[in-house]
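Residue numbers begin at 1 in each chain, while the letters A, B, ... track the order of the sequences. Quick caveat: nothing in here was measured; it's all calculated off a predicted structure.
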Amino acid sequence: MNAEILNKLNDKQQEACRKTEGPLLILAGAGSGKTRTLTYRIAHMIRNCGISPYHILAVTFTNKAAREMKERVVDLVGEDANRALISTFHSFGLRLLRLYAVKLGYGANFTIYDTDDQKRAVKSILKSMHSVNKALTEGMLVSAISRLKEEGTSPESYNEGYARFDENEQLIGDVYVRYNRILKENNAMDFSDILLNTWKILQYKEVLEKARDKFRYIMVDEYQDTNKIQYDIIHLVAEKYRNICVVGDENQSIYGFRGANIRNILDFERDYPDAVVVKLEENYRSTPVILEAANHVIRNNTSSKDKTLWTRKKSGAQISLFACEDGREEVGRILDEVLKGKQEGKKYRDFTVLYRTNAQSRLFEEGCLRNNIPYKVFGGMQFYQRAEIKDLLAWLSVINNTSDNINFLRIINVPKRKIGEKTIEKITEYREAKGISLYTAVGECDAIGGLSQGVREKLRELFALLRQMIALSEELPVSKLFDELLSRIRFRDYVLDNYDDGEGRLENVDELYNSIIELERVIETMSLREYLENVSLVSATDDLNEEKDYLKLMTIHNAKGLEFPVVFVCGMEEEIFPGKKAAFSLSDLEEERRLCYVAITRAEEKLYLSWAKMRYLYGELSWRTRSRFLGEIPESILDLEEKTAGLPEEKTGENRWQTGRTESRNVAETAGNSGYAPAFRKAITAADLNRAAGDFPYAVGDKVMHKKFGLGVVRDISSRKVEIDFVDGTKEIALVVADKFLQKI
DNA sequence: TAACCTATCTTTTTT
DNA sequence: AGATAGGTTA
């Protein structure tokens with residue numbers, strides 16, 4: 001390797017690499033080789049500029065991205081590159097916290113709480129508060145608290161600033177305070193705490209000085225998706241040497257709901273007036289047709305740095321648009337394309353289905369099973385969230401950190417040992433009075449009043465077992481400890497006895513065991529704590545395997561940063577994509593549009609878009625309208641595939657997109673003999689249709705008079721109910737009773 | 001205590 | 001439709 005290391009890059013990319021000193025903003029469009037540029041930049045710094053990898057920090061969005069970047073830099077400049085720290089924000093923070101969390105009053109073996117654990121904590125708080133507020137769910141409280149933490153609002157300042165005036169805000173403030181106290185007691189941090197405490201630890205001068213001295217060259221990938229606290233962390237560390245390079249694309253900012261602040265990237269030049277800005281606009285990924293679609297869609301957004309993707313590639317295939325009758329047909333046509341492609345010599349792994357929400361994966365999974373198409377769903381109900389897996393991890397968590405009451409509560413009766421709610425209440429009362437952990441309290445169960453002899457015996461057994469496991473955890477590797485645990489609590493029997501699909505769940509347990517073995521191969525002498533840390537921070541696509549031949553199914557969010565030869569974006573319907581909640585605010589709508597931009601630009605060769613005129617949503621049949629985003633793509637690059645036999649497609653004007661009740665009737669009548677794969681023959685039966693239409697004689701837009709609510713306008717009709725806008729709000733009325741209350745006017 | 005039944009809600013998106 | 005919470009019963 002030599003000075004020609006940068007030869008493989010284009011001029012702009014080289015410019016970005018050569019500018020190693022001072023602030024640098026790389027505006028990198030989708031597929032413009034930004035990861036490649038960052039990789040070469042690091043290699044160039046190490047190889048050509050004499051910068052020690054020890055001084056380099058690169059922050060990526062996922063562990064997988066970090067791993068890949070590291071591997072590629074090592075390929076370029078050798079093993080020495082391993083001394084550079086390339087990691088996600090959360091891993092970076094944990095690295096510091098492992099050393100310094102004690103300063104903040106945590107034990108070094110603190111536990112990381114995921115969203116599920118957070119909800120359990122909030123639930124217990126609400127219970128102890130005897131809160132009557134039903135408006136806020138645990139989930140809402142958890143996300144409110146996370147948001148506050150990640151925008152740097154402490155419970156104190158929140159309560160001073162807002163909470164006095166509003167019942168809900170008051171509850172949020174109260175829960176926020178208690179929640180923090182409880183996590184601290186449990187020696188636990190949630191995801192937001194990892195970032196917030198990293199920032200707190202950097203307030204110690206000696207820590208900050210060390211960090212600044214070590215990380216003299218900082219790079220941040222996906223900068224458009226950083227939030228306030230991440231921004232503060234990075235700029236705090238970067239302040240001294242000011243060698244900060246951020247890479248991002250404001251058009252791909254899709255994590256606003258998590259507090260990501262698009263302004264971070266838009267304002268970089270304000271933060272660093274001497275910043276050099278490099279734009280990467282040449283796209284190496286997609287065909288011109290795909291880029292044209294992407295450019296047209298994103299043009300409808302207001303906040304955007306001026307940037308247009310272009311490519312040297314020759315024009316590719318048109319974008320196929322499937323207007324399907326229902327969700328099943330959509331699956332059928334997409335899987336038909338996959339099977340056709342497979343016959344033509346493509347691999348399953350060349351195809352990826354993208355959707356807006358996880359719930360949409362189910363139809364595709366069923367379809368794949370029927371057609372023997374190997375597939376893998378990324379994200380969604382994650383492996384580590386399955387009950388049997390979380391139970392085992394809860395055991396390990398308690399063994400690692402006995403202060404962790406949330407996880408102790410989870411396992412106190414798993415496997416079932418007749419310890420019920422009443423018993424738990426008594427122990428809790430005792431432990432709260434004495435200010436001790438659940439674990440310690442169980443150890444003192446003989447001192448707790450009102451427990452039966454049998455229950456005491458069970459508690460003593462449990463405590464003895466845990467004590468033994470804790471002792472073992474100090475000697476045995478995690479895999480051996482895990483094995484021991486399984487046999488001592490007879491977990492396999494428990495799973496087989498308690499779940500209908502026990503066999504399948506046991507496979508998950510085995511998979512967990514295998515993953516431990518695999519990790520132990522990578523991390524030598526992995527401690528229990530290290531293991532738990534590792535499983536807490538895995539992200540959805542971390543185990544994406546490019547070699548294995550399966551169809552990939554994932555949300556658009558999960559597809560960020562990835563690319564695939566053939567992409568299907570399904571469910572392109574109003575209220576799905578853009579989502580229902582985005583209808584009310586321009587900024588939400590624009591985030592949905594950026595999401596659409598991300599989806600389109602994942603495709604290298606061929607893009608399919610699809611929507612269904614009706615589908616089951618929330619278990620009920622509803623009529624759909626196509627996504628507005630489809631209308632933002634020029635018709636000249638769209639291929640409106642000829643529909644199957646017997647279903648003439650209207651092809652005139654806007655009407656083509658409209659779906660009416662009449663048209664839907666046609667669907668049901670002709671359903672049985674459409675031309676697509678037999679397995680996907682029309683699922684909608686005449687019975688469905690009747691149920692759907694009922695005898696309700698109104699249509700959307702009709703004015704009606706209600707006996708009680710007065711004048712209203714029909715907003716939506718579905719198989720079971722009609723939605724009507726009245727003066728004092730929207731009401732839902734069941735179809736079966738509608739004609740008793742309504743009159744058409 | 002645990003199993004069973006019913007009523008209610010869910011769909012954003014994730015480290 | 002599927003998951004889950006809550007209430008009722010064995």
Side-chain angles (χ1 to χ4, degrees), chain A residues 59-66 87-94 112-116 118-119 123 134 137-139 142-143 146-147 149-150 189-195 198 222 225-227 229-230 253-260 327 354-363 366 378-382 384-385 387 413 415-424 452 454-455 458 497-498 533 535-542 554-560 571 573 575-583 588-589 591-592 594-596 598-599 615-622 683 719-720:
Chain A
V59 183
T60 60
F61 202 70
T62 64
N63 295 303
K64 177 168 175 279
S87 74
T88 63
F89 264 105
H90 289 83
S91 316
F92 166 73
L94 274 183
I112 298 166
Y113 278 0
D114 67 12
T115 316
D116 188 59
Q118 290 178 280
K119 282 187 196 160
K123 199 169 179 180
K134 285 271 173 199
T137 63
E138 288 108 56
V142 163
S143 62
S146 292
R147 278 294 276 278
K149 284 185 183 175
E150 301 207 10
M189 294 188 198
D190 62 28
F191 289 128
S192 309
D193 284 328
I194 294 174
L195 300 174
T198 300
E222 309 281 12
D225 281 321
T226 53
N227 59 29
I229 194 80
Q230 292 169 326
S253 168
I254 56 174
Y255 282 95
F257 68 92
R258 198 166 86 185
L354 301 181
Y355 35 79
R356 178 65 182 81
T357 65
N358 282 305
Q360 291 168 261
S361 71
R362 220 192 71 244
L363 279 180
E366 288 167 8
F378 293 86
M381 180 62 164
Q382 247 129 14
Y384 289 104
Q385 289 168 3
N413 200 30
K416 298 210 162 67
R417 51 176 73 82
K418 306 216 175 210
I419 297 173
E421 211 177 330
K422 282 282 177 295
T423 308
I424 291 171
S452 74
V455 167
K458 292 288 178 193
D497 292 345
N498 285 277
E533 227 158 70
V535 296
S536 304
L537 296 184
V538 290
S539 46
T541 51
D542 278 352
M554 66 182 84
T555 62
I556 301 166
H557 281 87
N558 276 326
K560 188 169 93 145
E573 294 146 39
E575 298 191 319
I576 292 179
F577 192 21
K580 204 169 195 162
K581 297 225 163 63
D588 284 354
L589 180 65
E591 179 150 317
E592 294 284 311
R594 292 192 292 271
L595 201 51
C596 184
V598 169
R615 74 166 73 238
Y616 280 98
L617 230 52
Y618 304 106
E620 127 182 322
L621 193 60
S622 76
S719 52
R720 282 209 289 267

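No hydrogens or angles considered: nothing links the side chains of A:S536 and A:E533 as a donor-acceptor pair under 3.5 Å.
Counting to the nearest Å, the P atom of B:dT15 and the NZ atom of A:K149 are 18 Å from each other.
In terms of the side-chain hydrogen bond (donor to acceptor under 3.5 Å, both in side chains) criterion, residue partners of A:D193 (sequence neighbours excluded) are, by chain and number, A:K149. Contacts of A:N498 classified as side-chain hydrogen bond (donor to acceptor under 3.5 Å, both in side chains), with partners at least two apart in sequence or in another chain: A:K416. Residues that satisfy the ring pair (Phe, Tyr, Trp, His ring centres under 6.0 Å) test with A:Y113, not counting sequence neighbours, are absent from this structure. Partners of A:S361 under the side-chain hydrogen bond (donor to acceptor under 3.5 Å, both in side chains) rule, at least two apart in sequence or in another chain, are A:E365. Taking A:T60 as the reference, nothing meets the side-chain hydrogen bond (donor to acceptor under 3.5 Å, both in side chains) condition, with sequence neighbours excluded.
With both ends at atom P, the span from B:dT13 to C:dT4 equals 14 Å, rounded to whole Å.
With B:dT11, B:dT14, C:dG2 as the choices, the nucleotide that has an atom nearest any side-chain atom of A:A359 turns out to be B:dT11. Relative to the side chain of A:F191, the nucleotides C:dA5, B:dT15, B:dT13 differ in distance, and B:dT15 lies closest. If you check B:dT11, B:dT15, C:dG2 against the side chain of A:N558, the one that comes closest is B:dT15.
Residues A:E150 and A:T137 both approach DNA chain B. Their nearest nucleotides, taken by heavy-atom distance, put A:T137 toward the 5′ side. Residues A:V538 and A:L617 both approach DNA chain B. Their nearest nucleotides, taken by heavy-atom distance, put A:L617 toward the 5′ side.
Taking side-chain N and O atoms only, A:T555 has a distance below 4.0 Å to OP1 or OP2 of B:dT14. The side chain of A:N227 places no N or O atom within less than 4.0 Å of a non-bridging phosphate oxygen (OP1 or OP2) of B:dT15.
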Self-check item: Sugar-phosphate or base contact per nucleotide [nucleotides 1-9 of chain B; S, B, -; heavy atom under 4.0 Å]
Solution: SS-------
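Look at A:F89 and the base of B:dT15; the rings do not stack under the cut-offs of 5.5 Å between centres and 30° between planes.
In this structure, A:T357 reaches the sugar-phosphate backbone alone: every heavy-atom distance under 4.0 Å involves primed, P, OP1 or OP2 atoms, never a base.
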